[in-house]
Amino acid sequence: MKRRNFIKNASITGIGLTISTSVLNCKDHNPEKNHNTAMAPINTTPIVVATWDVKESTQKAWEVIQNGGTALDAVEQGCMVEEANEKGQTVGKGGLPDRDGNVTLDACIMDKDGNCGSVVYLQNITHAVSVARKVMEETPHVMLAGEGAQQFAISQGFERENLLTDASKKAWENWKINSEYKPIINIENHDTIGMLAIDKNGDISGACTTSGLAYKMAGRVGDSPIIGSGLFVDNEIGGCVATGLGEEVMKTVGSFLVVELMRQGKTPQQACEEAISRIVTKPNSDYKNFQVGYIAVNKKGETGSYAIHQHFSMTKYQDGVNETIQSDYIIKT
Ligand code: GLY
């Protein structure tokens, strides 16, 4: 049975100056040794990159950095812009629901020290990325799910809200009566919002947030809250975030793979291309019928992005310029 049929049939219910910063590139992972080892300086200037055309989000993140904030503050506040945007139907408030009509959010965040937090199947809380940060900073855990995540969020002062907007409810009702609907290849040219930033200290953080695959099975969780799949940051090397069909990203631990490829010497662009290649060259890959895209940044502030299908884009704020760049791809759609 085709995957989408299974899903349906199984339903039961700034502007500013960039400041050059000298940072250290430590390739030696022994902290004691690093303490005494001469390290090569790299000049890194601040940068923010995000999946898709989300210039208001990158603008916000850039302003945070220009005002002296950390990359961690920047990616959280940048993602919050899209989470609050009710017109965006793939993230936060207004996100499309699962097949039973429930909006469930996944998000994660990772800082320069390798700390991370995530939430899965979070309901009734708009700013999933901020709850993920609270998990990272206020609990001994990395991931909280479902009702527990919601209760934790409320205990931290987040307010319960109905996330299902009239527009998303209508789209869901149309989906239920239209058996021809095919929800896969980024029809809206918009999907998971993933963001990476380098701050004035040259430190890297990343975050991603999503309402997941539209009309998914109840309980389904994608790549976005899974550290290593939807997001990975190594402050010595760089970071990567993914968008698209999470199942395919998880099967290849995509974001971790991209960072490890950069560690081996690939540019961010080469690493993204290799990670996409791992998906499409798998035996019997159905890649013509789904989208996956990656964006990456390395410690030098070089970026890359690549996708299976046309129309994936990356928004980049660097040197005072906020622009959306169409990514290279395999298939012209
Ligand atoms: N990449 C988002 C998801 O598959 O849930």
Side-chain angles (χ1 to χ4, degrees), residues 3-4 6-7 50-52 54 57 75 79 82-83 88-92 94-100 102-110 118-123 128-129 131-132 143 145-146 149 163 168 172 175 182-196 206-232 239-258 272 275-276 278-279 285-287 289-296 305-309 311-314 327:
R3 189 179 161 280
R4 59 175 170 267
F6 169 69
I7 287 174
T51 54
W52 305 107
V54 289
S57 294
V75 295
C79 285
E82 272 301 309
E83 288 179 334
Q89 291 184 300
T90 58
V91 175
L96 289 168
D98 66 14
R99 65 191 184 183
D100 299 326
N102 297 312
V103 181
T104 70
L105 306 181
D106 299 332
C108 74
I109 196 161
M110 192 162 188
S118 82
V119 286
V120 304
Y121 201 76
L122 177 68
Q123 291 180 265
V129 71
V131 184
M143 182 182 288
L163 303 184
S168 288
W172 168 62
W175 172 78
K182 295 178 182 174
I184 301 298
I185 307 176
N186 293 318
I187 296 158
E188 301 88 1
N189 287 338
H190 190 284
D191 190 74
T192 304
I193 302 305
M195 185 176 284
L196 302 161
C208 63
T209 184
T210 188
S211 50
L213 183 66
Y215 320 124
K216 60 199 173 186
M217 289 177 66
R220 181 265 189 190
V221 170
D223 62 309
S224 302
I226 310 294
I227 299 298
S229 289
L231 166 71
F232 197 72
C240 175
V241 282
T243 185
L245 187 60
E247 282 74 3
E248 298 300 323
V249 177
M250 285 192 276
K251 287 176 199 169
T252 50
V253 199
S255 292
F256 182 73
L257 173 62
V258 169
C272 289
I276 290 292
R278 296 278 178 99
I279 292 172
S285 175
D286 191 30
Y287 67 92
N289 291 313
F290 62 79
Q291 172 71 303
V292 172
Y294 292 110
I295 66 169
S305 68
Y306 199 64
I308 299 173
H309 291 268
H311 303 308
F312 178 52
S313 56
M314 172 176 73
S327 305

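The chain is numbered in sequence order, starting from 1. Every heavy atom of this structure was used, including side-chain atoms; hydrogens, water molecules and symmetry mates were not. Every number for a ligand or one of its atoms is a count from 1 in the order of the listing.
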TODO: Under 4.0 Å from a heavy atom of Gly222: give me the atoms of ligand 1 that qualify, with their elements.
DONE: 5 (O)

Open item on the list: Can you name the atoms of ligand 1, numbered from 1 with element, that are less than 4.0 Å from a heavy atom of Ser224?
Closed with: 1 (N), 2 (C)

Open item on the list: Out of all atoms in ligand 1, which are within 4.0 Å of some heavy atom of Leu213? Include the element for each.
Closed with: 5 (O)

TODO: Under 4.0 Å from a heavy atom of Gly212: give me the atoms of ligand 1 that qualify, with their elements.
DONE: 5 (O)

Open item on the list: Just to confirm my output: which protein heavy-atom neighbour is closest to atom 5 (O) of ligand 1, and how far is it?
Closed with: Arg220 NH1, 2.6 Å

Open item on the list: Show me which atoms of ligand 1 lie under 4.0 Å from any heavy atom of Thr192.
Closed with: 1 (N), 2 (C)

Open item on the list: Checking side chain to side chain contact (heavy atoms under 4.5 Å, CB included) between Ser229 and each of Met250, Glu248, Lys251, Glu247, which is the one that passes?
Closed with: Met250

- [ ] Please identify which atoms of ligand 1 are closer than 4.0 Å to at least one heavy atom of Gly246.
- [x] 3 (C), 4 (O)

- [ ] Run the numbers for me: atoms of ligand 1, each under 4.0 Å from some heavy atom of Gly244, listed by number.
- [x] 1 (N), 2 (C), 3 (C), 4 (O)

- [ ] Give a yes or no on whether the backbone of Arg99 and the side-chain of Trp172 come within a donor-acceptor separation of less than 3.5 Å.
- [x] yes

Task: Between CD1 on residue Ile295 and OG1 on residue Thr51, distance to nearest 0.5 Å - done: 5.5 Å

- [ ] Using a strict cut-off of 4.0 Å, indicate which atoms of ligand 1 neighbour a heavy atom of Asp223.
- [x] 1 (N), 2 (C), 3 (C), 4 (O)

Task: Asp106 CG to Arg220 CZ distance, which is reported to the nearest 0.5 Å - done: 7.0 Å

Task: Distance-only polar pair, side chains of Thr243 and Asp191, donor-acceptor under 3.5 Å - done: yes

Open item on the list: Distance check, rounded to the nearest 0.5 Å: Asn102 atom CG versus Ser211 atom OG?
Closed with: 12.5 Å

Task: Non-hydrogen atoms of Cys108 and Ser224 that approach each other most closely - done: SG-O, 3.1 Å

